[in-house]
Amino acid sequence: MAAATPGTAGELWLILGGRFFHTSDGAHTFVASTPVDPVLRDMYFVSFGLGKAAPGGHVPTLYAFGVTKTFGGLWRSTDAGARWFRINDDAHQWGLRYRVITGDPRLFGRVYLATDGRGIFYGDPLPQPVRASTH
């Protein structure tokens with residue numbers, strides 16, 4: 001599975017053997033993305049899609065379905081796969097039968113998910129709580 005970064009010549013993302021790889025030089029060289037969290041280094045990524053970069057970011061947001069020996073989930077990364085944030089929970093697995101996952105190219109954080117028999121879902125990030133400032 002592969003995807004080109006919209007609007008960026010020569011930038012390509014792909015999954016090979018369950019791992020993410022990235023090139024920004026027209027496929028002359030590829031760099032493997034290794035998660036910072038040791039628990040997620042065993043993650044086998046099955047499918048992915050790209051979405052709008054996080055505010056202030058310059059790389060597309062990665063959305064992926066990944067599994068380990070003990071759990072599976074839907075994930076989002078805003079730093080080229082170094083850190084992953086789970087965007088579903090154990091109560092929302094939809095049978096772990098996902099066909100397509102991708103992000104919205106215009107709205108950061110929105111994810112689209114096509115399941116096997118349950119239709120197409122979309123989700124937006126939960127609003128972050130406002131912290132009171134101390135002056």
Side-chain angles (χ1 to χ4, degrees):
M1 166 167 262
T5 302
T8 306
E11 188 167 65
L12 180 70
W13 302 83
L14 64 97
I15 293 177
L16 184 62
R19 295 188 58 205
F20 266 100
F21 292 86
H22 174 244
T23 182
S24 57
D25 61 8
H28 292 290
T29 59
F30 281 88
V31 175
S33 295
T34 303
V36 172
D37 186 339
V39 173
L40 299 180
R41 289 187 190 148
D42 293 356
M43 185 70 62
Y44 185 91
F45 290 103
V46 178
S47 61
F48 80 102
L50 305 176
K52 182 175 180 172
H58 63 283
V59 296
T61 300
L62 301 173
Y63 295 92
F65 169 51
V67 295
T68 68
K69 293 178 183 176
T70 57
F71 64 93
L74 302 174
W75 303 87
R76 179 180 70 213
S77 175
T78 57
D79 59 4
R83 289 174 189 79
W84 291 92
F85 175 75
R86 189 170 178 196
I87 58 174
N88 72 324
D89 58 30
D90 290 340
H92 298 92
Q93 295 287 350
W94 302 288
L96 291 176
R97 306 238 354 207
Y98 310 116
R99 294 296 174 224
V100 177
I101 185 170
T102 195
D104 193 301
R106 294 175 297 258
L107 183 62
F108 168 71
R110 179 166 287 174
V111 61
Y112 299 96
L113 176 68
T115 64
D116 187 12
R118 299 240 182 202
I120 299 172
F121 294 90
Y122 80 92
D124 292 322
L126 292 173
Q128 298 299 311
V130 177
R131 297 178 188 222
S133 62
T134 54
H135 292 283

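Along the sequence shown, residues are numbered consecutively beginning with 1. Not measured: the values here are computed from a predicted model.
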Spacing of [atom1] belonging to [X] relative to [atom2] belonging to [Y], to within rounding of 0.5 Å:
{"X": "Thr34", "Y": "Met43", "atom1": "OG1", "atom2": "CE", "answer": "13.5 Å"}
{"X": "Phe108", "Y": "Asp124", "atom1": "CZ", "atom2": "CG", "answer": "11.0 Å"}
{"X": "Thr78", "Y": "Arg83", "atom1": "OG1", "atom2": "CZ", "answer": "8.5 Å"}
{"X": "Leu113", "Y": "Ile120", "atom1": "CG", "atom2": "CD1", "answer": "9.0 Å"}
{"X": "Tyr122", "Y": "Leu107", "atom1": "OH", "atom2": "CG", "answer": "9.5 Å"}

Quick one: do [X] and [Y] end up in the same hydrophobic cluster if we chain Ile, Leu, Val, Met, Phe, Trp and Tyr together by side-chain heavy atoms under 4.5 Å apart?
{"X": "Met1", "Y": "Leu62", "answer": "yes"}
{"X": "Phe85", "Y": "Val46", "answer": "yes"}
{"X": "Phe48", "Y": "Phe65", "answer": "no"}

Shortest non-hydrogen contact from [X] toward [Y]:
{"X": "Tyr112", "Y": "Arg110", "answer": "OH-CD, 3.2 Å"}
{"X": "Ala53", "Y": "Gly57", "answer": "CB-O, 3.9 Å"}
{"X": "Val67", "Y": "Gly72", "answer": "CG1-CA, 3.8 Å"}
{"X": "Gly73", "Y": "Asn88", "answer": "CA-OD1, 3.6 Å"}
{"X": "His28", "Y": "Asp25", "answer": "CD2-O, 2.7 Å"}
{"X": "Ser33", "Y": "Ala80", "answer": "OG-O, 2.8 Å"}

Item checked: side chain to side chain donor-acceptor pair (under 3.5 Å) partners for Arg99, two or more places apart ->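 Expected list: Asp116.
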
Next item on the list: Report yes if the side chains of Ser77 and Asp79 come closer than 4.5 Å at any heavy-atom pair, otherwise no.
Entry: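 Yes, their side chains come closer than 4.5 Å.
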
Notebook entry, point to check: Considering only heavy atoms from C-beta outward, does the side chain of Pro125 approach that of Arg76 to under 4.5 Å?
Noted result: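 Contact flag for Pro125/Arg76 side chains = yes.
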
Notebook entry, point to check: Could you go step by step and tell me if Ile87 and Val111 meet the side-chain contact (heavy atoms from CB on, under 4.5 Å) rule?
Noted result: CA-CA 9 Å; Ile87 58 174; Val111 61; 4.1 Å; yes

Note to self: With a 6.0 Å cut-off on the ring centroids, do Phe20 and Phe45 count as close?
What the structure shows: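 They qualify: ring centres under 6.0 Å apart.
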
Side-chain donor/acceptor pairs under 3.5 Å, residues 3-17, sequence neighbours excluded:
from  : atom 1 : to    : atom 2 : distance (Å)
Thr5  : OG1    : Glu11 : OE1    : 2.8
Thr5  : OG1    : Trp13 : NE1    : 2.9
Glu11 : OE2    : His22 : NE2    : 2.9

Next item on the list: Using the side-chain hydrogen bond (donor to acceptor under 3.5 Å, both in side chains) rule, collect all pairs that involve residues 43-65, keeping only residues at least two apart or in two chains.
Entry: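 Of all non-adjacent pairs touching residues 43-65, none passes side-chain hydrogen bond (donor to acceptor under 3.5 Å, both in side chains).
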
Notebook entry, point to check: Can you tell me if Trp84 uses its side chain to pair, donor with acceptor, with the backbone of Ala82 under 3.5 Å?
Noted result: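 No; zero donor-acceptor contacts below 3.5 Å.
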
Check: Within a radius of less than 6.0 Å around CZ of Arg41, do more than 12 heavy atoms belonging to other residues, nucleotides or ligands occur?
Finding: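 Atom CZ in Arg41 is packed in, count exceeds 12.
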
